[in-house]
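What follows is a short report on a single structure.
We name chains A, B, ... by the order of the sequence lines, and we start the count at 1 in each one.
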Amino acid sequence: MRHSLILGTTLALTLGAVSAASAATLDEVKARGTLKCGSNPGLAGFAAPDANGVWHGFDVDVCYALAAAIFGDPAKVEFTPLSGETRFTALASGEVDVLVRNSTWTFSRDVDLKLDFVGVNYYDGQGFIVSKDLGVTSAKELDGATVCIQTGTTTELNLADFFKANGMSYQPVPIQTEAEARQQFLAGACDSYTTDASGLAAVRATYPNPENYIILPEIISKEPLGPAVRHGDNQWGDIVRWTFNALVEAEELGVTKDNLDEMKNSDNPEIRRLLGVEGNLGGMFGLSPDWAYNAIKANGNYGEIFAATIGEGTPSNLARGLNAQWKDGGLMYSPPFR
Amino acid sequence: MAITEAHSREPFRLGMLLYDTRYRSITIQIIALIAVLTFFGWIVHNTVANLHALGKTFDFGFLGQRAGYDISQTLIPYTNDSTHGRAALVGILNTLLVAFLGCVTATIIGVFMGVLRLSSNWLIARLASVYVEMFRNVPVLLWILALMAIITDTLPAPSAFRGENASASMLFGDTVALTNRGAYVPWPIFGPGWQVVAGVFILSLIAILLFRRYAHARQEATGQALPVFWISLALFFLPALAADAVVGAVTLDVPTLQRFNFEGGGLIDKSLVALWFALALYTGAFIAEIVRGGIQAISRGQSEAAGALGLRPNRIMSLVILPQALRIIIPPLISQYLNLTKNSSLAIVVGYADVRATLGGITMNQTGRELECMLLMMGFYLLISLAISSLMNWYNSSIALKER
């Protein structure tokens with residue numbers, strides 16, 4: 001998969017038609033009839049296929065909402081599982097239309113890799129998981145440890161910085177997929193596994209005896225995770241950005257999957273504009289007036305998606321924390337729909 | 001004669017380019033050349049245009065920037081403050097290391113198994129066949145992953161060496177620890193005066209060479225054989241060890257168990273071991289077949305004649321058959337060496353930091369320079385493959401039958 005993707009990029013760069021990179025993505029998606037969404041190959045709670053091969057999770061629900069906003073049908077989406085190494089290459093070469101794969105928004109990715117991060121769907125930070133047997137209670141006690149790390153990620157660079165800043169040494173064990181990390185970590189081939197704290201909570205839930213492992217309290221980085229699109233197609237970027245904003249706005253306004261149809265008759269002009277009853281916001285970027293209605297109908301608003309996939313009570317059991325609505329002291333804040 | 005003269009005097013017409021056999025082949029070649037050049041010109045132009053459309057430049061400046069990531073196994077000093085260029089160099093050296101180790105081991109395994117496959121002992125010949133068919137017919141990627149999984153899941157973690165009732169213990173008088181992170185081995189530390197020991201060692205190498213020449217001449221002259229192997233072995237180790245005992249310059253750093261890991265000594269990473277043996281066993285199976293073919297190509301009369309002279313079977317093999325078979329074996333062996341070297345680019349699946357993992361993996365991902373990294377990597381593999389094949393071709397011509 002990885003080889004073919006890299007080859008694909010190189011071939012796309014050398015053989016592909018010049019127009020492919022700059023053509024209107026929306027037109028291409030509509031002509032194709034499906035949305036191509038780059039996802040994590042398997043991270044419980046964020047993106048993982050179930051026994052029937054249907055993808056579920058916090059990240060892929062954004063794709064379902066997007067497909068619903070464009071086609072009125074959340075099922076019109078194809079997922080391409082991408083490793084940490086191949087994801088940006090796949091997006092840049094046009095193999096996927098949008099990348100929703102817990103990817104950190106950084107300056108160099110935004111500017112140098114020519115990507116546009118259109119928002120943040122999860123505010124995260126990098127943490128460490130260790131076995132309780134080690135007797136470690138802080139990441140600063142990890143001097144000399146062997147650490148498993150997903151290669152091609154920002155966590156790889158944060159890890160180097162963290163150990164350097166604290167004058168400690170470590171032995172990196174680069175791994176490519178979550179499954180490999182699991183094998184190495186559970187066999188004791190690495191003392192600690194480091195990735196985004198949300199990811200650690202998700203994988204710990206899948207370990208045989210989750211209570212034997214602890215996530216250390218230190219969060220060593222800021223990891224704003226969000227959907228990304230290619231530079232240069234602003235209309236497409238707007239569609240992804242505002243579809244996500246619509247989910248956040250819907251939570252703020254109390255619009256849920258269940259009361260969606262009642263809310264259409266609401267007197268609140270903000271809700272009427274959001275759901276396309278009043279005005280035609282969707283038409284401004286080439287979608288139908290009820291695009292946001294369809295997007296919310298797919299899997300509910302932001303809060304509902306969070307609660308159903310990674311929130312408290314799910315195996316990941318993550319608190320809203322920074323990802324609460326701004327009114328509740330979090331950072332989720334949608335610009336106004338008008 | 002008269003006809004050709006008449007032809008050459010005939011004035012040149014455009015149609016002759018196609019219908020005259022003297023010009024046709026040239027015409028076709030020129031057309032083909034133009035087509036090939038146009039194709040490559042179009043590719044280059046298209047690449048430039050696509051890069052421009054993406055807003056990307058073609059620039060190797062990233063090689064001078066700080067890499068910022070760590071590599072577990074390095075042959076040269078490297079920290080995360082080093083440049084991407086140095087990370088690429090670390091990867092290149094790691095590729096060369098595993099390619100070298102793999103080629104040597106594959107050759108030993110291959111020759112051994114190829115000879116065993118022809119053994120008259122039914123069981124040994126069948127076992128060798130099973131080895132060849134098993135390794136030749138399963139993709140090397142699966143062998144790499146399988147060896148990695150075996151090492152990870154069967155060897156103990158360093159924590160198993162701890163405590164009163166440790167479930168694992170170190171080997172060779174507590175100097176070597178085999179763990180699922182790799183093998184921790186004693187490593188020499190060169191203190192002041194190490195030059196003396198090194199000098200003695202080089203002298204003993206020369207002594208071995210001279211001794212072998214003397215033993216050979218003596219055997220030619222008198223027919224008496226000396227125990228060359230044992231004396232060479234003693235010459236290899238004893239003088240250097242004696243010199244070190246006197247000077248005390250080179251000491252061994254033995255790994256000891258610390259908080260998380262063994263510290264001190266050297267770590268042979270398990271990813272290197274898994275990759276090395278998977279490549280060696282896989283390529284060794286192909287080499288075994290080449291060796292078998294080479295031996296079978298030598299006429300039976302050769303071994304019968306050698307037998308008639310009173311040589312024992314292993315002497316027939318090493319003195320008569322193999323030297324002749326070598327001429328047949330070497331050319332296909334070259335392509336096996338090239339295959340092994342190129343297959344080493346699968347290293348990333350076990351996290352071994354070869355050039356594909358550093359330059360073509362992390363560096364490419366962090367800098368987003370796909371085209372530049374791909375071109376550099378392809379250039380490197382091309383260069384190393386050409387170097388290997390010219391080296392082997394030189395060796396081949398040196399052992400080829402000399403016509404006098």
If you define the side chain from C-beta out and look only at heavy atoms, does anything of B/Arg369 sit under 4.5 Å from A/Asp112?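 Result yes, sub-4.5 Å side-chain heavy-atom pair found.
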Of the backbone (N, CA, C, O) and the side chain (C-beta and beyond), which part of [X] lies under 4.5 Å from a heavy atom of chain A, both, or neither?
{"X": "B/Asp70", "value": "both"}
{"X": "B/Pro158", "value": "side chain"}
{"X": "B/Leu267", "value": "side chain"}
{"X": "B/Thr79", "value": "neither"}

At what distance, to the nearest 0.5 angstrom, does [atom1] of [X] lie from [atom2] of [Y]?
{"X": "A/Ser108", "Y": "B/Gln366", "atom1": "OG", "atom2": "CD", "value": "7.5 Å"}
{"X": "B/Ile362", "Y": "A/Glu156", "atom1": "CD1", "atom2": "CD", "value": "4.0 Å"}
{"X": "A/Gln183", "Y": "B/Thr152", "atom1": "CD", "atom2": "OG1", "value": "5.0 Å"}
{"X": "A/Gln184", "Y": "B/Lys270", "atom1": "CD", "atom2": "NZ", "value": "3.5 Å"}
{"X": "A/Phe88", "Y": "B/Met364", "atom1": "CZ", "atom2": "CE", "value": "12.5 Å"}
{"X": "A/Thr151", "Y": "B/Asn365", "atom1": "OG1", "atom2": "CG", "value": "7.5 Å"}

Looking only at heavy atoms and a cut-off of under 4.5 Å, which of B/Ala67, B/Gly361, B/Ser72 has the most pairs with chain A?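 Maximum pair count with chain A is reached by B/Ser72.
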If you count heavy-atom pairs within less than 4.5 Å of chain A, which of B/Asp81, B/Val350, B/Asp269, B/Leu155 leads?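 Heavy-atom pairs under 4.5 Å are most numerous for B/Asp81.
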Under a 4.5 Å heavy-atom cut-off, does chain B meet the side chain of [X], its backbone, both or neither?
{"X": "A/Leu134", "result": "both"}
{"X": "A/Ile175", "result": "neither"}
{"X": "A/Leu186", "result": "neither"}
{"X": "A/Asn158", "result": "neither"}
{"X": "A/Tyr170", "result": "side chain"}

[X] to [Y] - nearest heavy-atom pair and separation:
{"X": "A/Ala187", "Y": "B/Ala157", "result": "O-CB, 4.1 Å"}
{"X": "B/Gly351", "Y": "A/Pro174", "result": "O-CG, 3.3 Å"}
{"X": "B/Ile71", "Y": "A/Pro172", "result": "C-CG, 4.0 Å"}

Going by an N to O cut-off under 4.0 Å, is there a salt bridge joining A/Asp191 and B/Arg181?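 Looking at A/Asp191 and B/Arg181, the cut-off is met.
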For the interface with chain B, which of A/Ile149, A/Leu157, A/Leu142 has the highest count of heavy-atom pairs at distances below 4.5 Å?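 Between A/Ile149, A/Leu157, A/Leu142, the count favours A/Leu157.
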Pick from A/Arg87, A/Arg109, A/Lys164, A/Glu141: which one has the most heavy-atom pairs with chain B under 4.5 Å?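 Winner by heavy-atom pair count: A/Lys164.
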Is it true that, when you exclude A/Lys222 itself, more than 12 heavy atoms of the residues, nucleotides or ligands shown sit nearer than 6.0 Å to its NZ?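 Check fails, neighbour count at 12 or below.
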Using the side-chain contact (heavy atoms from CB on, under 4.5 Å) rule, take A/Asp143 and B/Phe260 through it: C-alpha gap first, then chi angles, then the decisive distance, then the call. CA-CA 8 Å; A/Asp143 192 7; B/Phe260 297 102; 5.6 Å; no
